[in-house]
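The structure appears below as structure tokens.
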Amino acid sequence: MKFMRILVALLMLPLTQLAVAQGSAPYGDMSQILSKGELRVAITAVDQPPFYFMGKDGKLTGYDIDLASKMAEELGVKLVITRDAPAFNDLVTLVSSGKADLAVSKLSRTLSRSRLIKFSTPYMTFKQGILFNRLQLAKVASEGEVHKFVRDYKGTLGVIANSSYANYAKDNFPGATIKEYPSWDAAVQALTNGEVLSLYRDELEIKRVIESTPNSSLLFKPIYFTDLTDPIAVAVKTENTQLLFWVNVFLENQPKMTADEVLRKYSGL
């Protein structure tokens, strides 16, 4: 009986080697992740609460960190976070070059980025919005004219440099004067000082500004769009089709959360 088991194993060995040579080894393009025992996930160098930020205990936390941790746990590997990306567009470079397996970093799924990497199905979708300096807005439009004013917007519009909103602004508000800032905090400061009439970003970030600013109702006026959305997805290297399939199945089994729910869950960390 022992001899027969050895004989069967020897007969099967060439078939296994052939499968590996043809690239059809178990787990496909995920084999390297599993063999190394680590999942390399890229996020930006700058915190993006509530998605990822340093908590009160000095540890990296947030919605995206929890999501990436669950992925690594399901795969049975160690999670390795890399923060080598100065801006969101740099995440695409890290993934496309193979320096990161995934980008789980509040990354907007856009056409331009899709030329270089593949995106998962969105795990969250936000409304896009504009946040106005209320005092400056009153000089150019009455309260009842604001929505019409926005649709043909020709004022100054602040965005984060090298972000999806820098591109969204050009497409959706071609008549606006776009001003780019190195960070969201810098953009908010410019809005508060009246250097720009408005800022352009997703509903969650606008709500964060309103909730964290004293007397925000006197300083700011938010406008949210129902027809302009911002899908947030995981970035995967183009060749890694099996990994992309696995990520999509994983995301299908995760509870869906709204912007308000994410803010409530992670605001106290």
Side-chain angles (χ1 to χ4, degrees), residues 44-49 51 85-93 105-116 122 124-233 259:
T44 60
V46 179
D47 284 1
Q48 301 292 331
F51 283 82
F88 287 102
N89 284 342
D90 298 310
L91 294 167
V92 176
T93 304
S105 187
K106 200 198 174 195
L107 189 63
S108 299
R109 190 174 72 169
T110 66
L111 282 173
S112 59
R113 290 169 177 167
S114 296
R115 293 199 298 261
L116 301 172
M124 197 169 293
T125 300
F126 298 122
K127 296 175 184 176
Q128 295 184 19
I130 290 184
L131 184 63
F132 284 99
N133 178 304
R134 188 177 285 275
L135 181 61
Q136 299 297 322
L137 179 62
K139 296 177 182 179
V140 294
S142 66
E143 190 72 22
E145 298 173 330
V146 171
H147 287 274
K148 181 180 178 181
F149 175 75
V150 168
R151 283 307 181 185
D152 190 30
Y153 189 59
K154 293 183 173 61
T156 50
L157 186 63
V159 296
I160 302 174
N162 296 314
S163 72
S164 58
Y165 279 84
N167 292 326
Y168 288 154
K170 296 172 185 176
D171 294 336
N172 297 327
F173 303 100
T177 300
I178 301 169
K179 294 191 175 183
E180 298 189 0
Y181 293 91
S183 68
W184 181 236
D185 288 343
V188 172
Q189 188 61 54
L191 180 70
T192 305
N193 295 341
E195 296 173 20
V196 289
L197 176 57
S198 65
L199 301 182
Y200 186 30
R201 211 177 177 193
D202 62 75
E203 59 175 312
L204 183 142
E205 295 298 342
I206 291 174
K207 288 176 179 178
R208 281 188 60 236
V209 172
I210 292 172
E211 290 183 4
S212 63
T213 305
N215 301 317
S216 60
S217 61
L218 300 176
L219 299 173
F220 306 126
K221 179 176 180 60
I223 297 290
Y224 303 111
F225 302 102
T226 57
D227 58 336
L228 297 176
T229 59
D230 185 14
I232 306 301

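For the residue pair E145 and S142, a side-chain donor N or O sits within less than 3.5 Å of a side-chain acceptor on the partner. With 3.5 Å as the limit, one finds no donor-acceptor pair spanning the side chains of Y168 and T110.
Considering CG of L111 and CZ of R113, their distance stands at 11.5 Å, rounded to 0.5 Å. Expressed to the nearest 0.5 Å, how far NZ of K139 lies from CG of L197 amounts to 10.0 Å. The line from NZ of K207 to OG of S216 is 13.0 Å long, rounded to the nearest 0.5 Å. Rounded to the nearest 0.5 Å, atoms CD1 (I130) and CD1 (I223) are 8.0 Å apart. If you take OG on S198 and CG on L191, they are separated by 7.5 Å, rounding to the nearest 0.5 Å.
Taking 4.5 Å as the limit, every side-chain heavy atom of H147 sits out of range of all side-chain heavy atoms of F149. A 4.5 Å side-chain heavy-atom check between V196 and N133 finds every atom pair outside the cut-off. Side-chain contact between L131 and V209: present, with at least one pair of heavy atoms (C-beta onward) separated by less than 4.5 Å. Using a 4.5 Å heavy-atom cutoff, the side chains of I232 and T125 are not in contact. Counting heavy atoms from C-beta on, the side chains of Q48 and S105 never come closer than 4.5 Å. No side-chain heavy atom of R151 sits under 4.5 Å from any side-chain heavy atom of F173. Residues E143 and K221 have side chains in contact (heavy-atom distance under 4.5 Å, counting atoms from C-beta outward). By the 4.5 Å heavy-atom criterion applied to side chains, D202 and K127 are not counted as neighbours.
A ring-centre distance under 6.0 Å is not found for F220 and F132.
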N172/Y153 under side-chain hydrogen bond (donor to acceptor under 3.5 Å, both in side chains): CA gap, chis, key distance, verdict = CA-CA 9 Å; N172 297 327; Y153 189 59; over 6 Å; no

After noting the C-alpha distance and the side-chain angles of Q189 and N193, does the key distance pass the side-chain hydrogen bond (donor to acceptor under 3.5 Å, both in side chains) rule?
-> CA-CA 6 Å; Q189 188 61 54; N193 295 341; 3.1 Å; yes

